[in-house]
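Just so you know, residue 1 is the first one in the sequence shown, and it goes up from there.
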Amino acid sequence: FQESVKGPAGFDAAVAGIYRTLPWLVLQSGMGTGNLWGPRFGLGTGLRFKNYEMDIGWSSSGGLFNDARGTAFGITQRLQF
């Protein structure tokens, strides 16, 4: 492996899952490891309707709580026709 402009090159792996609790509500989670940020964890929820979807998520990089090196929040919306 070699160094790159984006940081150390190497192996990176992640897995995620979605659980549909109700026809219109989903719970999402995932975790990964490797490269620049080390261990990563994420949680989220989403709404699913006929023509509209919205997801809200949180992720932590480099560990959990006080050990974390970075935290991110995100919201996405989609209109489907």
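The hydrophobic cluster containing Ile18, built from Ile/Leu/Val/Met/Phe/Trp/Tyr side-chain heavy atoms closer than 4.5 Å, also comprises Val26.
Side-chain atoms of Leu43 and Gln28, non-hydrogen and from C-beta on, never get closer than 4.5 Å to each other.
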Taking distance alone, no hydrogens or angles, what donor-acceptor pairs closer than 3.5 Å link side-chain atoms of residues 71-81 to residues at least two apart or in another chain?
{"from": "Gln77", "atom 1": "OE1", "to": "Tyr52", "atom 2": "OH", "distance (Å)": "2.6"}
{"from": "Arg78", "atom 1": "NE", "to": "Glu53", "atom 2": "OE1", "distance (Å)": "3.0"}
{"from": "Arg78", "atom 1": "NH2", "to": "Glu53", "atom 2": "OE1", "distance (Å)": "2.7"}
{"from": "Arg78", "atom 1": "NH2", "to": "Asp55", "atom 2": "OD2", "distance (Å)": "3.4"}
{"from": "Gln80", "atom 1": "NE2", "to": "Glu53", "atom 2": "OE2", "distance (Å)": "3.4"}

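In this structure, Tyr19 places its OH atom where only 12 or fewer heavy-atom neighbours from other residues, nucleotides or ligands lie under 6.0 Å away.
Between Arg40 and Ala13, the closest heavy-atom pair is NH2-O, 4.0 Å.
Every residue two or more places apart in sequence or in another chain that forms a side chain to side chain contact (heavy atoms under 4.5 Å, CB included) with Leu25 is listed here: Thr21, Leu22, Thr45, Leu47.
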**Q.** Steps toward side chain to side chain contact (heavy atoms under 4.5 Å, CB included) verdict (Met54, Arg48)
**A.** CA-CA 7 Å; Met54 182 176 74; Arg48 303 288 188 265; over 6 Å; no

